[in-house]
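Structure first, then comments.
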Amino acid sequence: MKELFEGAIKFQEEDFNAHKDLYESLKKHQEPHTLFISCVDSRVVPNLITNTLPGDLFVVRNIGNIVPPYKESQTLREGYLATTAAIEYALTILEIQNIIICGHSNCGACAAIYEPPTKLEQTPYVKKWISLLNPVKQKVESLKPNSKSKRIWLTEQINIEQQLENLMTYPFVEERFDRGELRIYGWYYIIETGEILNYNLISREFKPISHNKEKKQ
């Protein structure tokens, strides 16, 4: 904890003062332009990998960067309302213009769905949450990957595709997207290289984000 307290002091003395006017402007309201849905994994830091400032991103983080399907989230009220409420708030109240669902390499949630059920006996809430990844598991297994590494690679990327599909089950998301008022992206962040792959909704493939690639879909 010593490092965290020292970090708080450094923030107040250095980083805060460097952006003092920005923080003053954020005192009474926020106007983020992007809803960033990512995993809670400590290695994934949204503002760092997007090079954004406070006030730019409205961030939702959960295990496995999961978006519960809209209809299911309504019937299983006790389990999935936090993410649903955040998405609703971002679009309806904050009028967010972009949504990014960001998965990542070496994802523990994506690996956990292949573990024996007994492995999660001590974590019933985690077990219930990642059961939302069952459709992902089924899709991956239908492809019959020939190695464990290929299976996890496919799982992490198909998970992003699945969460994009789930996102479109939200009426207020689909309506804004169809009217051209909302842009939706799927990102795959490779921790060990820093590379970010962007999912093209039309061609249904991931390609690296670079200066030479068109960013828009």
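Residue numbers count from 1 along this sequence.
With hydrogens and angles left out, the side-chain atoms of S38 and N65 include no donor and acceptor closer than 3.5 Å.
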Please list every donor-acceptor pair under 3.5 Å in which a side-chain atom of residues 19-26 meets a protein atom from a residue at least two apart or in another chain.
residue, atom, partner, partner atom, Å
H19, ND1, D15, O, 3.4
E24, OE2, K27, NZ, 3.0
S25, OG, L22, O, 2.6

Identify each donor-acceptor pair in which a side-chain atom of residues 109-126 lies under 3.5 Å from a protein atom, sequence neighbours left out, and give them as a table.
residue, atom, partner, partner atom, Å
Y114, OH, T155, OG1, 2.7
T123, OG1, L120, O, 3.4

Which side-chain N or O atoms in residues 98-106 pair as donor and acceptor under 3.5 Å with protein atoms at least two apart or in another chain?
residue, atom, partner, partner atom, Å
N98, OD1, R183, NE, 2.9
N98, OD1, R183, NH2, 3.0
N98, ND2, H33, O, 3.1
N98, ND2, T34, OG1, 3.2
S105, OG, I191, N, 3.0
S105, OG, E192, OE1, 3.2

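Of the options L57, D56, L94, a side chain to side chain contact (heavy atoms under 4.5 Å, CB included) to P32 is made by L94 and by none of the others.
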Handout entry: Evaluation steps, side chain to side chain contact (heavy atoms under 4.5 Å, CB included), between V173 and Y70
Key = CA-CA 10 Å; V173 171; Y70 180 77; over 6 Å; no

Exercise for the section: Apply the test side-chain hydrogen bond (donor to acceptor under 3.5 Å, both in side chains) to residues N166 and Q163: give CA-CA distance (whole Å), side-chain angles for both, the deciding distance (0.1 Å), then the verdict. Expected result: CA-CA 5 Å; N166 291 352; Q163 305 319 316; 3.1 Å; yes

Problem - Check against side chain to side chain contact (heavy atoms under 4.5 Å, CB included), Y170 and F177 - result: CA-CA 11 Å; Y170 289 64; F177 182 78; over 6 Å; no

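Applying the 6.0 Å contact sphere to CG of D178 captures more than 12 heavy atoms from other residues, nucleotides or ligands. In the displayed structure, F172 atom CZ is contacted under 6.0 Å by more than 12 heavy atoms of other residues, nucleotides or ligands.
The distance from the CD atom of Q157 to the CG atom of N159 is 10.5 Å, given to the nearest 0.5 Å.
Here the closest non-hydrogen pair linking I66 and I63 is CD1-O, 3.5 Å.
One hydrophobic cluster, built from ILVMFWY side chains closer than 4.5 Å, cannot hold both L133 and I152; they sit in different ones.
Side-chain atoms of R176 do not come within 3.5 Å of backbone N or O of Q97 as any donor-acceptor pair.
Y199 and F206 have tilted rings, their planes meeting at an angle from 30° to 60° on a 0 to 90° scale.
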